[in-house]
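Everything below concerns the one structure shown next.
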Amino acid sequence: MIEVNVKTWFLLLILILTCNKAYQQTEDKTTIWTVAWSPNGKYIAAGGNQDVLKLFDGKTFELIKTYPVKGVQLSRIKWHPFKNMLAIVTQSKTIKARILDLDKEVWVDLQGLKSSFRGLDWNYTGNLLAVSELEAAVSVYKTDGTLVSRFLADPKAVAGLDWHPSKNIMVTVGSQIGIYNHLGDTIKTFWPRLEEAFLLCVEWHVSGDFFVVGDYGDLKNAKDKMVQFWNMEGTKRNEIKGSTVEYRNIRWHPDGEKLATASDALSVWSKGGELLSRSKSTEDYLWGIDWSPDGKYIVTSSKEGKIIIWDKNANSINELK
């Protein structure tokens, strides 16, 4: 078992959440942490540190509307799988997590949410929403904001979570990998490495047979950043090494044959982990990432506040304003 170094862990969390003062001031004005294409292809939603949730036309890429979310770090956005609804989670003491009904133009607050972090996802039927909290917990809600369950899902913090594509089970990542049902019953927990690491993102393959995690690297040296492929039994199928920058977010192509990753570049991999294409590496690190529903395009958001549309081969074709 990995020896837990609490001091190292919390120093790392502080570094990731706040960084140094000068960098934080820059991020407070620019960074767009999250971006998501609606399942019907009509909209692209984006948010970060600009005090607004932005809604773009998914075809023309024109800005349609902004929704005020003042004074928060909007860390993740998730569209409902069928309805015209959007869930957000923040790293803030004011707005924590909400559901926006775009048809009614109404926000729904999640009842009794004590804090919030960056894990957020709808289950496959769209009747449950899972949200991660700073206190290493996950809370599950109905679409009307009522609480279904709350459970501890990681010894440290849940940085990412994803529901199975056809079952009411989820995988969570942080200091370890955990698989739970919607009530918090443990199905499996395991460590991804021999040394303690920090996992940032996770997504099930569309088949539901395995999932992929992306990480910050090992805690001691913040190196050896990886993308790892795991099945539910805790067997590692494959891994991608070599990045000097953490993998902030990952998304499978709708048909499951390609994986897109966001770090210092946009990279597109085969289902088996072979690099297919990559954009030019820059210091404008990518955060948000998503595929268009038809699989023809990728959208990313970045540290410098850029929202870029790419083709499936990681060629930049448009920038949203």
Side-chain angles (χ1 to χ4, degrees), residues 9 12-13 15-17 19 27 31-36 48 75-78 117-121 132 154 156-162 171-178 191-193 195-205 210-230 236-253 256 258-291 298-304 306 308 310 314:
W9 179 264
L12 176 61
L13 280 183
L15 174 65
I16 291 172
L17 293 174
C19 302
E27 283 198 319
T31 301
I32 299 178
W33 296 99
T34 179
V35 64
S75 53
R76 193 171 295 273
I77 297 167
K78 282 284 185 174
F117 192 28
R118 64 186 303 269
L120 181 73
D121 196 27
S132 74
D154 193 280
K156 303 300 179 204
V158 177
L161 61 86
D162 195 53
V171 58
T172 66
V173 295
S175 66
Q176 65 177 24
I177 297 172
W191 302 101
R193 304 192 189 191
E195 67 277 5
E196 192 176 8
F198 183 34
L199 307 175
L200 287 169
C201 50
V202 58
E203 184 162 291
W204 287 95
H205 185 259
F210 65 98
F211 55 87
V212 175
V213 301
D215 67 33
Y216 178 85
D218 70 83
L219 282 182
K220 185 176 181 180
N221 300 307
K223 65 178 184 179
D224 299 328
K225 291 88 166 62
M226 292 186 193
V227 171
Q228 296 179 322
F229 298 64
W230 295 91
K236 184 166 61 178
R237 296 167 53 122
N238 197 5
E239 64 184 16
I240 298 169
K241 297 181 177 180
S243 177
T244 58
V245 175
E246 63 268 22
Y247 290 96
R248 279 91 179 282
N249 276 299
I250 54 180
R251 287 291 284 172
W252 282 104
H253 186 278
K258 295 179 181 179
L259 177 72
T261 62
S263 57
D264 60 332
L266 167 63
S267 300
V268 180
W269 312 84
S270 71
K271 180 179 176 181
E274 176 187 358
L275 181 64
L276 302 176
S277 54
R278 176 178 283 159
S279 68
K280 182 180 179 181
S281 176
T282 72
E283 293 185 0
D284 181 19
Y285 295 161
L286 302 180
W287 270 103
I289 189 169
D290 203 6
W291 289 89
I298 303 168
V299 60
T300 62
S301 63
S302 75
K303 181 182 71 174
E304 295 178 4
K306 295 180 180 179
I308 304 294
W310 312 77

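Computed from heavy atoms alone, side chains included, the values below leave out hydrogens, waters and symmetry copies.
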Exercise. In chain order, what residues pass the side-chain contact (heavy atoms from CB on, under 4.5 Å) check against Glu304, with sequence neighbours excluded?
Worked result: Asp284, Ser302, Lys306
Does a side-chain heavy-atom distance below 4.5 Å link [X] with [Y]?
X	Y	result
Thr34	Trp287	no
Val171	Trp230	no
Leu266	Ile308	no
Ile240	Phe229	yes
Gln228	Tyr247	no
Lys258	Trp291	yes

If you round to the nearest 0.5 Å, how far is [atom2] of [Y] from [atom1] of [X]?
X	Y	atom1	atom2	result
Trp269	Ile250	CH2	CD1	12.0 Å
Asp264	Thr282	CG	OG1	7.0 Å
Leu259	Arg251	CG	CZ	10.5 Å

Side chain [X], main chain [Y], donor-acceptor under 3.5 Å:
X	Y	result
Ser243	Lys225	no
Thr172	Val158	no
Glu239	Met226	no
Lys78	Gly119	no
Arg248	Leu286	yes

Exercise. Which one of Val202, Leu199, Val173 satisfies the side chain to side chain contact (heavy atoms under 4.5 Å, CB included) criterion with Asp215?
Worked result: Leu199
